[in-house]
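Only one structure is covered here, and it is reproduced in the block below.
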Amino acid sequence: MPQSRNRAGHHHYQKPSAIPASQRVKGRIIWAILFAVFAGLIALFAAGESYVALLIGVIIGAVVGYFVGKNMERDAKE
């Protein structure tokens with residue numbers, strides 16, 4: 001690696017995020033819970049008393065909500 005990159009003043013500036021890290025993590029969790037609840041309700045109305053369908057719906061909803069929250073945090077960071 002060239003020595004010139006190690007000199008002071010040659011580091012890229014990174015703007016600090018407007019959203020604190022603790023709030024970003026909460027966003028993922030909130031979206032995951034929200035999607036899990038709605039997916040659970042949809043599974044309940046669609047499949048009736050089938051607990052397997054309800055569990056699968058809640059898990060899929062939580063995973064989708066997590067990734068939606070993660071993408072939203074990434075967009076808010078930029």
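- Within the structure, ring pair (Phe, Tyr, Trp, His ring centres under 6.0 Å) contacts touching residues 26-45 (residues at least two apart or in different chains) are Trp31-Phe35.
- Atoms CD1 and CG, on Ile42 and Leu54 in that order, are 11.5 Å from each other to the nearest 0.5 Å.
- Between Ala36 and Val58, the shortest heavy-atom distance links the atoms CB-O, 3.7 Å.
- For Leu55, the side chain to side chain contact (heavy atoms under 4.5 Å, CB included) test picks out Ile59, with sequence neighbours left out.
- Considering only residues two or more places apart in sequence or on other chains, Ala53 meets the side chain to side chain contact (heavy atoms under 4.5 Å, CB included) condition with Ala47, Ser50.
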Side-chain polar contacts of residues 62-71 - donor-acceptor pairs under 3.5 angstrom, sequence neighbours left out - could you list them?
unit_1, atom_1, unit_2, atom_2, d
Asn71, OD1, Arg74, NH2, 2.2
Asn71, ND2, Phe67, O, 3.4

